Asks: 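Mind looking over this structure? Questions follow.
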Amino acid sequence: MTTTPPPLRRHKAQGLLRLTVPIALALAAAPCAHAYPARSGIIDGPKAWTQYRGGPTHNAVFANPHPTTTTTAPSFPVGGSIASNPVIVHGRLYIGNITGRTKGSITAFTVATGKRLWQTQTPNQVMSDIVYANGILYAGYGNKYFDARDVRGTGHSGVLALSARTGAIIWNVPTAGEVMPTPVIDNGMIYVATGDGHFDALDARSGLLDWHLRLPEWDSMSSPALDGNRIYVGADNSLVAINLAHRSIAWMFMDYGSFTDIPPAVGPDSAGKTRIVITAVKSAGQLTREERATYHITNQPRFQFIYGFNTMGILLWKNLLGGGPQQTGDTSGTPTIADGKAFVGSPYTMSVYAYSLKSGRKLWQNHLGIGVKGAPAILNHKVYVADIHGNIHILNETTGITEKTIPLAATSISPDGPVIINNHLFAAGRNGTIYTLPIDATP
């Protein structure tokens with residue numbers, strides 16, 4: 001159901017003053033605020049990376065018209081544990097990591113050689129993508145632990161801006177709750193959703209708070225998706241659409257489910273109409289009588305659903321992916337939109353699915369027998385997915401049949417899926433290493 005925003009509960013951190021901490025106010029003199037020119041011997045990548053997985057569809061695939069090289073380092077040793085997407089822009093790779101309960105860092109590499117350029121320690125864990133524009137990096141930091149019933153994140157939480165060239169911190173804005181979701185860059189503003197139930201709009205150059213909204217609940221790992229002047233983001237038991245021009249909530253869909261863990265995907269269906277897709281997990285006790293009757297519910301502790309909306313917030317379709325045991329850690333099943341279809345993996349059913357974005361009809365299901373949490377990448381009619389045991393599966397986009405399975409050296413893959421730049425696949429391992437794999441560029 002689509003509802004207007006209900007009265008919001010008062011959070012314990014509601015009165016927190018949000019300040020910009022000028023840790024490194026050398027911005028005016030820093031030579032970092034320039035785009036890097038393409039140089040020979042470098043896999044270039046896009047000129048900017050402004051939101052989760054590079055865009056609202058989550059299909060993190062990019063090809064330069066004339067890439068300067070077809071080689072890359074076989075792996076990038078980051079250290080710690082990784083829970084985000086590798087970001088490749090201007091021949092450099094940027095990644096955040098987790099090095100302790102309240103510790104993390106951000107690291108930069110040269111893609112072609114694997115040389116580590118710099119590493120900057122952060123006030124807490126970094127699970128967001130490192131977004132990039134005009135020579136400046138932005139990242140959220142914080143952890144998954146609760147220090148109050150409605151506030152997620154212990155220790156320090158907030159948003160950082162860094163020099164892409166040197167890794168020097170330009171500004172640091174603390175928040176009451178974690179910023180595990182990836183920030184969005186748009187028109188000189190940084191938008192973040194937080195673990196204390198806020199949506200903040202910051203000036204990208206100074207970090208100063210311009211405006212903010214209260215979300216119905218806290219956000220865990222639901223990275224906002226920007227499409228036009230709308231941002232879509234999950235909060236606990238809700239999906240929220242925010243009108244940036246009006247600085248207000250346009251609509252909310254409210255239902256029991258872990259919308260707070262899943263980044264929504266936004267893209268066109270086969271008729272060119274924009275659709276929003278998200279998954280959510282319910283416990284057996286949260287199922288409605290209608291859901292039990294409609295989906296012939298089996299005796300499982302958790303159930304994963306997929307939802308399709310139009311831009312007005314009307315629920316167009318809903319399907320049950322299936323049920324399974326409760327997951328440890330991430331509950332992800334992040335969708336990707338491509339070619340009028342929604343592709344998604346499930347750690348509960350250990351399967352990958354394709355759905356018609358227009359009708360919600362299930363087109364195929366491939367039972368891999370291994371859980372998939374991250375968003376798939378689609379290129380040349382092939383679907384690339386990473387499972388939780390460190391394998392890359394290449395599926396036929398039309399039939400879903402597995403064409404090839406390639407084991408990586410990782411024991412587990414980050415819950416964010418593969419990234420493909422100029423026919424090279426990048427996948428982040430939980431063991432603190434990013435792996436690369438050349439792929440066949442032919443259809």
Side-chain angles (χ1 to χ4, degrees), residues 1-2 56-59 61 225 227 232 234 239 241 253 255 257-259 262-282 287-298 300 302-324 332-369 371-385 393-403 417:
M1 58 181 175
T2 303
T57 67
H58 299 167
N59 193 23
V61 175
D227 185 65
Y232 303 91
L239 174 66
F253 172 86
D255 191 11
S258 60
F259 299 95
I262 309 300
V266 186
D269 66 11
S270 57
K273 295 182 178 179
T274 299
R275 300 293 181 241
I276 302 98
V277 176
I278 194 170
T279 66
V281 175
K282 294 186 175 187
L287 295 172
T288 65
R289 184 177 300 177
E290 180 184 4
E291 287 169 336
R292 291 181 180 276
T294 302
Y295 300 107
H296 308 292
I297 297 297
T298 57
Q300 296 283 356
R302 294 290 186 273
F303 298 89
Q304 187 176 22
F305 291 86
I306 183 169
Y307 305 76
F309 300 86
N310 67 12
T311 57
M312 300 300 293
I314 297 172
L315 179 63
L316 302 175
W317 51 266
K318 171 183 173 183
N319 280 297
L320 176 69
L321 296 179
S332 307
T334 303
T336 294
I337 291 174
D339 303 326
K341 297 183 280 287
F343 302 88
V344 67
S346 173
Y348 297 90
T349 66
M350 301 185 183
S351 297
V352 181
Y353 304 81
Y355 284 87
S356 165
L357 202 55
K358 183 178 180 180
S359 68
R361 181 172 64 90
K362 183 168 72 173
L363 303 175
W364 51 257
Q365 174 182 352
N366 183 325
H367 181 70
L368 298 177
V372 174
K373 294 185 175 183
I378 295 86
L379 175 65
N380 292 329
H381 309 294
K382 294 179 174 59
V383 181
Y384 296 81
V385 296
H393 303 269
I394 305 174
L395 315 182
N396 183 285
E397 181 185 342
T398 303
T399 65
I401 295 172
T402 302
E403 297 183 354

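For this chain, numbers begin at 1 and follow the sequence in order. Since this is a predicted model, take the numbers as computed values, not measurements.
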Asks: When rounded to the nearest 0.5 angstrom, what is the spacing between OH in Tyr232 and CG in Leu239?
Replies: 9.0 Å

Asks: For Ala280 and Tyr307, which heavy atoms make the closest approach, and how far apart are they?
Replies: CB-CE1, 3.9 Å

Asks: Test your reading of the model: is there a side-chain donor-acceptor pair from Trp364 to the backbone of Val352, 3.5 Å cut-off?
Replies: no

Asks: Do Val383 and Thr336 come close enough that some side-chain heavy atom pair is under 4.5 Å?
Replies: no

Asks: Is the NZ atom of Lys358 crowded by more than 12 outside heavy atoms at less than 6.0 Å?
Replies: no

Asks: So which atom in Asn396 and which in Glu403 form the shortest heavy-atom distance, rounded to 0.1 Å?
Replies: ND2-OE2, 3.2 Å

Asks: Determine the minimum heavy-atom distance between Leu287 and Lys282, stating which atoms define it.
Replies: CD2-CD, 4.1 Å

Asks: From Ser356 OG over to Arg275 CZ, what is the distance, rounded to the nearest 0.5 angstrom?
Replies: 10.0 Å

Asks: Would Ile337 and Asn59 satisfy side-chain contact (heavy atoms from CB on, under 4.5 Å), going step by step from the backbone distance to the final call?
Replies: CA-CA 7 Å; Ile337 291 174; Asn59 193 23; over 6 Å; no

Asks: How are the rings of Trp317 and Tyr355 set relative to one another: parallel (under 30°), tilted (30 to 60°) or perpendicular (over 60°)?
Replies: parallel

Asks: Rounded to the nearest 0.5 Å, what separates atom OG1 in Thr311 from atom CD1 in Ile276?
Replies: 6.0 Å

Asks: Go through the steps for Lys362 and Asn319 under the test side-chain contact (heavy atoms from CB on, under 4.5 Å), then give the verdict.
Replies: CA-CA 8 Å; Lys362 183 168 72 173; Asn319 280 297; 5.9 Å; no

Asks: Do Glu291 and Asp255 have side chains that approach each other closer than 4.5 Å (heavy atoms only, starting at C-beta)?
Replies: yes

Asks: Could you tell me whether the side chain of Val281 reaches within less than 4.5 Å of the side chain of Thr279, counting heavy atoms only?
Replies: no

Asks: Give me the one residue out of Asp269, Leu357, Asp227 that meets side-chain contact (heavy atoms from CB on, under 4.5 Å) with Thr274.
Replies: Asp227

Asks: Are the side chains of Phe309 and Val266 in contact, using a 4.5 Å heavy-atom criterion?
Replies: no

Asks: What class does the angle between the rings of Tyr295 and Phe305 fall in, given that below 30° is parallel, 30 to 60° is tilted and above 60° is perpendicular?
Replies: perpendicular

Asks: Minimum heavy-atom separation for Phe343 to Ile378, with atom names?
Replies: CD1-CD1, 3.7 Å

Asks: Please report the closest heavy-atom contact between Tyr353 and Leu321, naming both atoms and the distance.
Replies: OH-O, 2.9 Å

Asks: Please report the interatomic distance CG(Asn366) to OG1(Thr402), rounded to the nearest 0.5 Å.
Replies: 4.0 Å

Asks: Is any side-chain heavy atom of Lys273 less than 4.5 Å from a side-chain heavy atom of Asn310?
Replies: no

Asks: Are the side chains of Lys341 and Leu363 in contact, using a 4.5 Å heavy-atom criterion?
Replies: yes

Asks: Kindly say whether Pro335 contributes a backbone atom to a donor-acceptor pair with the side chain of His58 at under 3.5 angstrom?
Replies: yes

Asks: I need the minimum non-hydrogen distance between Pro264 and Gly234, along with the two atoms involved.
Replies: CD-N, 4.3 Å

